[in-house]
Amino acid sequence: MKNKLFSIMSLRHGYIYLFLATFVLIFLSYSQHLVENQNNPTTISMVVPVKPDRLKTSPPSHPKPSKEAVEMDVLKNLITWPSTPLLPINFSWNDTSDPAHSSLTVLPKRGGGQRRVGDELEVLIQIYNFRGKPKKSGGDVLLARLHSPSLLAGVAGKVVDHLNGSYSALFPLLWEGNVQVEVILVHSSEAVTVLQQVSRSQPYRIYFRSLFQSGPLTEITICNVNIDAPQQTLCNYTDLQTGEPWFCYKPKKLSCDNRVSHAMGGFKKNIKPQEEKLFQSGINLKVSIPPSSRYNISVLPRVEDQTKGTSDMRKNPSGYYYHGVWRPLDGTKLQQFNSSKAASQCLRGKVLHLFGDSTIRQWFEYFISSFPDLKKFDLHTSKQAGPFIALNYTNNIMVTYRCHGPPIRFANVPVAQLRYIANELDHISGGPNTVVVIGIWSHFSTFSVDVYIRRLQSIHKAVVRLLSRAPDTLVVIRTANPKALTVYETLTNSDWYSMQRDKLLREVFKGLNVRLVDSWDMVLAHHLPHNLHPQPPIIKNMIDLLLSYICPLGKDQTRGNQQKRLK
């Protein structure tokens, strides 16, 4: 009996041990499952059903958009263009805008009487097609100026789209004498439709190349802001400070670290022959519209009891030319620096940093050619990309130039010299003897505006940091400008693209304590032909304006009130 009882107890203990061992194994298995579930988000977890009456209904949480993202949406809405007509597959360009058939009509002065300085001139523009029929919708790209050839005077006008085929051009009357109106049809609304489609479908139509080298072994691959390819096939050169993206295809035999240079690769032109007819020089691409009849516009002097002006223009010009000299309308007293001695006196003890594209490099070249006291130091760098430095030891003057980072279409830039403007600004101490000039627009025309806005935002933040640590630093922004156009130039750098970038540039820097060189108005108002790199008389006026900002006239014009905020 005793042995039987012992056997029963041993059996019970065995069951208990077996139960405990099974429990431990289940617990360890479940613990491992939990760990694996944490490390692998795709692991399916056990779901415990909940009764419907116990379900909590709360709205899904969405991350708050960043300040930059909100600003980007606002900026993109700012450049919304009027609706343009859809183009059927076999459309006829005879139904598109024709500058030769279109007309200009100078409207009588509001309230009657003779026109005087301080008044506003209004011109009605009616667009017709090649069949001589009036257009019924807007969206054409027009530029306007008022000028007096005998006085070498000119001012840019404001064009208003009435969305029905008619437009108004508004001009302030700023000098007395006979004046003439010029209105240029840059693109028809149908051409804008093509440019919009190209921008959407071919944002990377300009591509770039990089050379990879290690000893005698070299490879070249394609690069761009974005490349639609598996990540493992790409070298990622996104800038760690600014977040600016840049990618190249991985070389087959070399490392991503072996990249030594950057250059423009090429351009993919992909429009239909029928669409190309919308961009014909001398026919419908940047052609003046003839006046509907001969007119003689005479402007009389202002009378003593006349009000200052009746202009209700939404965007006043920044200045005008008179006798070939730019006259700013923001209160700046422009000086003419016609000698190296005058420029050296202004720049004595100053450091002038120029950042941007070739339109800013042109300023550096002007300094060197016009002011012999400023000597270029040979850094043995590319004539196109730089960087450059010029020195005047006697007056302790230094002028530098550096191109902006990719995308930039220069022929050959060493990777070691590819610098983003925002990063360069963060290495400038600043102060009352430091001048920074920024000009960045031309090389961004083919890309989505998001790319350009993001670049401007990073530069804006760097300027804010610079002015926070050194408020006396003078920061000057050079705007975009109109240029001569061909089919290639239109698809890569049309005035229509430049107008949008120019508007974004002004808006991003509005409110900052920076100065503006309004290259758009200065080129548009001048009698010389439009050019990406404006001719010397225009550049001289730009440099004189820059130096007038650096060395303001008048004892009451301190740096504080001279650096008015952009409006």
Side-chain angles (χ1 to χ4, degrees), residues 41-42 63 65-66 68-69 71-73 75-76 79 87 192-213 218-272 275-276 357 404-413 415 418 420 422 440-458 487-494 496-497 500-501 504:
T42 61
S66 66
E68 289 78 11
E71 183 186 31
M72 183 171 290
D73 289 339
L75 290 169
K76 289 166 75 171
I79 58 173
L87 298 179
V192 172
T193 298
V194 174
L195 293 178
Q196 289 175 326
Q197 189 274 332
V198 168
S199 293
R200 287 192 297 267
S201 63
Q202 305 168 48
Y204 307 109
R205 56 192 177 277
I206 284 185
Y207 58 94
F208 303 83
R209 300 181 188 274
S210 270
L211 172 68
F212 294 78
Q213 184 172 11
T218 62
E219 292 184 67
I220 294 176
T221 71
I222 301 298
C223 307
N224 221 317
V225 175
N226 181 56
I227 297 178
D228 186 13
Q231 186 175 355
Q232 60 269 24
T233 66
L234 301 176
C235 294
N236 186 348
Y237 298 110
T238 298
D239 184 69
L240 296 178
Q241 280 70 45
T242 64
E244 293 290 346
W246 193 256
F247 301 90
C248 297
Y249 281 105
K250 283 184 177 178
K252 295 180 180 180
K253 298 180 180 180
L254 295 176
S255 164
C256 291
D257 295 333
N258 295 131
R259 179 170 172 246
V260 297
S261 67
H262 160 96
M264 179 174 169
F267 166 64
K268 299 176 182 178
K269 177 183 172 184
N270 188 18
I271 62 171
K272 301 172 184 176
E275 294 173 337
E276 193 166 333
D357 53 35
H404 65 72
I408 193 158
R409 303 175 200 161
F410 290 166
N412 189 28
V413 186
V415 169
L418 279 178
Y420 291 98
I440 179 169
W441 57 279
S442 177
H443 295 247
F444 290 82
S445 295
T446 58
F447 298 95
S448 164
V449 293
D450 297 51
V451 175
Y452 186 55
I453 292 172
R454 185 173 60 240
R455 183 64 55 87
L456 293 181
Q457 287 175 329
S458 69
V487 175
Y488 167 79
E489 294 291 346
T490 296
L491 295 177
T492 59
N493 204 17
S494 163
W496 183 67
Y497 291 137
Q500 297 175 69
R501 273 79 185 159
L504 293 170

Supply the atom-to-atom distance [X] [atom1] to [Y] [atom2], rounded to the nearest 0.5 angstrom.
X      : Y      : atom1 : atom2 : value
Gln500 : Ile79  : CD    : CD1   : 4.5 Å
Arg454 : Glu68  : CZ    : CD    : 11.5 Å
Trp441 : Leu504 : CH2   : CG    : 13.5 Å
Leu234 : Ile227 : CG    : CD1   : 5.5 Å
Arg205 : Lys269 : CZ    : NZ    : 13.0 Å
Ile453 : Glu71  : CD1   : CD    : 8.0 Å

Next item on the list: Could you tell me which non-hydrogen atom of Ser201 sits nearest to which non-hydrogen atom of Pro203, and how far apart they are?
Entry: C-CD, 3.4 Å
Are any side-chain N or O atoms of [X] and backbone N or O atoms of [Y], one a donor and one an acceptor, separated by less than 3.5 Å?
X      : Y      : answer
Glu219 : Lys252 : yes
Thr221 : Tyr249 : yes
Ser210 : Ser261 : yes
Gln202 : Asn270 : yes
Asn224 : Ile206 : yes

Does some side-chain heavy atom of [Y] sit less than 4.5 Å from a side-chain heavy atom of [X]?
X      : Y      : answer
Trp246 : Pro407 : yes
His262 : Pro406 : yes
Arg259 : Tyr237 : yes
Ser494 : Leu195 : yes
Lys250 : Thr233 : no
Ile222 : Arg209 : yes
Tyr204 : Phe447 : yes

Next item on the list: Could you walk me through whether Arg409 and Asp357 pass the salt bridge (Lys or Arg N to Asp or Glu O under 4.0 Å) test, one step at a time?
Entry: CA-CA 9 Å; Arg409 303 175 200 161; Asp357 53 35; over 6 Å; no
Note to self: Angle between ring planes, Phe410 versus His443, binned at 30° and 60°: parallel, tilted or perpendicular?
What the structure shows: perpendicular
Margin query: Run Phe247 and Thr238 through side chain to side chain contact (heavy atoms under 4.5 Å, CB included) and show every step you take.
Written below: CA-CA 7 Å; Phe247 301 90; Thr238 298; 4.0 Å; yes
Notebook entry, point to check: If you draw the axis of the six-membered ring of Phe444, does the NZ or CZ of Arg501 fall within 45° of it and under 6.0 Å from the ring centre?
Noted result: no
Check: Stepwise, does the disulfide bond (SG atoms under 2.5 Å apart) test hold for Cys256 with Cys235?
Finding: CA-CA 6 Å; Cys256 291; Cys235 294; 2.0 Å; yes
Checklist line | side chain to side chain contact (heavy atoms under 4.5 Å, CB included) between Lys253 and Phe212, intermediate numbers included | finding: CA-CA 10 Å; Lys253 298 180 180 180; Phe212 294 78; over 6 Å; no
